[in-house]
Amino acid sequence: MTRRRALGLGLALAAATVAAPPGARAQPAAEARNMEQVAQLDLAGNGDGGEGLALQQRPDGRRILYLAHEGQKTCLSVVDVTNPKAPALVAQLPSPGPGVTRCNSLGLSGNVLAVANQTQKVGQKPAGMWLLDVSDLARVQKAHALDDLKLAFFDTSGPQSRGVHWLWFVDGEFAHLATGTADFKPTNAGDDQLYQVVDVRNPRAPREVGRWWLPGTRTGDPCLPGCLPKRQAIDDGYRAHSIQIYPQRPDRAYVGYIDGGMLILDIAKLADVRAGKAARFSPRLVSRLDYGPPYPSWCHTVQPLWGRGLAVVSDEAVQDGCTDAPKLIWLVDIRDETSPLIIGTAPLPDNVAALCTRGGRFGAHNLHPAFPDAVSAQLKNTFVGTFFNGGVRIYRLVDPALPGAPPQITETGYFIPAAPPGNPGKTVQINHVIVDEHGLIYADDRVTGGLYILRYTGKPPLD
């Protein structure tokens, strides 16, 4: 780092801790180490990026990014990133229920795009999952609403349901949802998302084929009252968040279950549904890693590191000013999947105290998902995460010389964009991230900043 750059970075960090006058940005400049910005797109003033990012490589060579939105105004942005230095907005579709429904998550397989719909309150509509045909880019560009691309809408609304918060759809066959349903009545209002598996092999007629919930969270569970979960000091609910299934272990689902911790589920019987031997199946719990208390939990994402017998697990910071801290990234040994073991945590930034007082949220959130496709980075020795006002941060596993000792985690780079105009906390709030096969990093701000395309410039490889 040059002396001038170090001085500039130091001044930026100092400025971040000083109270800003009304209308000013508390984080006035980008901060970086071993990363640089390639481009930024504010998405035509609709910069509230959600937890859904997916890349499509088209036969004509064009590269399209689909981005789900956090709020209830805009649902979906479609961005041409063929030239990553000059991303261009191709289409932007509104929420199907303005002011009511958000499209926080999406998944892509081939030319079928699955989009989540979650309402602000239970009982509202639309709530569920859209299946969209994105084979014809000219048609996508002309679309004015989700209905213009609709293959089907899978309705999960109900008196105790807000619909689909998060989904996983990568194989063209089955979608895995964190959702409420019309017939699921939780024992506690905060426990309203179960794990639901939907057969979408006929994308015009999706159907449920399986579901699982933590015993004790559904009214009528035979184990009640003894299995009723204890409520956490900060009660964020026992409900499914992320569900990830990979071809390396098609019989396993890796689940972040918020206050329920990290779960590994056996979904081997889904193969019988695929083969036509069964109409439905029931996932089975293999293990549950429950570390809250003493930690505040909110288990968000479970990302296996294939070939290592490890997983990285993130907890989401959901309150401003670190009042729900610490929200960490855990390193978990899953070689014995019946007894997962925490063996490390990602290191905190040196200026973590300043980040906690800078404005907005600071803490872990999303991890790059290693989508099983040709345009997604398959990382085994590094991982990439989002930290709201802590930006995008890259970590590397370093194996010590001592045989059998767990790897150490080092931070190899970070990028914190300048506070986007309009963010109420006067900081960036980086929400989600994916990494492509060339190492380009796509991230979004959850409030106004839109899309950021970044590049890692450090010497240790992003691998």
Inset, instruction - Take the angle between the ring planes of Trp168 and Trp166 and call it parallel below 30°, perpendicular above 60°, tilted in between. - result: parallel
Inset, instruction - For the pair Tyr395 and Phe387, name the ring-plane relationship: parallel under 30°, tilted 30 to 60°, perpendicular over 60°. - result: tilted
Legend entry - Residue of the set His300, His176, His365 for which ring pair (Phe, Tyr, Trp, His ring centres under 6.0 Å) holds with His241: His300
Inset, instruction - Give a yes or no answer on whether the side chain of Thr179 reaches the backbone of Gln193 with a donor-acceptor pair at less than 3.5 Å. - result: no
Legend entry - Backbone N/O of Glu411 and side chain of Arg33: donor-acceptor pair under 3.5 Å: yes
Inset, instruction - Answer yes or no: is there a side-chain heavy-atom contact under 4.5 Å between Glu208 and Gln196? - result: yes
Legend entry - Value rounded to 0.5 Å, distance of CD1 in Ile430 from CG in Asn389: 10.0 Å
Inset, instruction - Check the pair Arg239, Asp259 against salt bridge (Lys or Arg N to Asp or Glu O under 4.0 Å), reporting the backbone distance first and the verdict last. - result: CA-CA 7 Å; Arg239 61 187 190 275; Asp259 284 357; over 6 Å; no
Inset, instruction - Kindly state each residue pair satisfying ring pair (Phe, Tyr, Trp, His ring centres under 6.0 Å) with at least one member in residues 424-460, sequence neighbours excluded. - result: none
Legend entry - Result of checking Tyr195, Trp213, Tyr238, Trp212 against Tyr257 for ring pair (Phe, Tyr, Trp, His ring centres under 6.0 Å): Trp212
Inset, instruction - Look at the side chain of Thr217 and the backbone N and O of Leu214, then say whether any donor-acceptor pair between them is shorter than 3.5 Å. - result: yes
Legend entry - Where at least one partner belongs to residues 141-163, residue pairs that pass salt bridge (Lys or Arg N to Asp or Glu O under 4.0 Å), sequence neighbours excluded: Arg162-Asp192
Inset, instruction - Look only at the side chain of Ser105 and the backbone of Leu167, and say whether a donor-acceptor pair between them is shorter than 3.5 Å. - result: yes
Legend entry - side-chain hydrogen bond (donor to acceptor under 3.5 Å, both in side chains): pairs with one or both residues in residues 79-102, sequence neighbours excluded: Asn46-Gln92, Arg62-Asp80, Glu70-Arg102, Ser77-Gln92, Asp80-Thr82, Arg102-Gln118, Arg102-His165
Legend entry - Close side-chain approach of Leu285 to Leu263, heavy-atom, < 4.5 Å: yes
Legend entry - Any donor-acceptor pair under 3.5 Å from Ser157 side chain to Lys125 backbone: no
Legend entry - NZ/NE/NH1/NH2 to OD/OE distance under 4.0 Å, Arg274 and Asp199: no
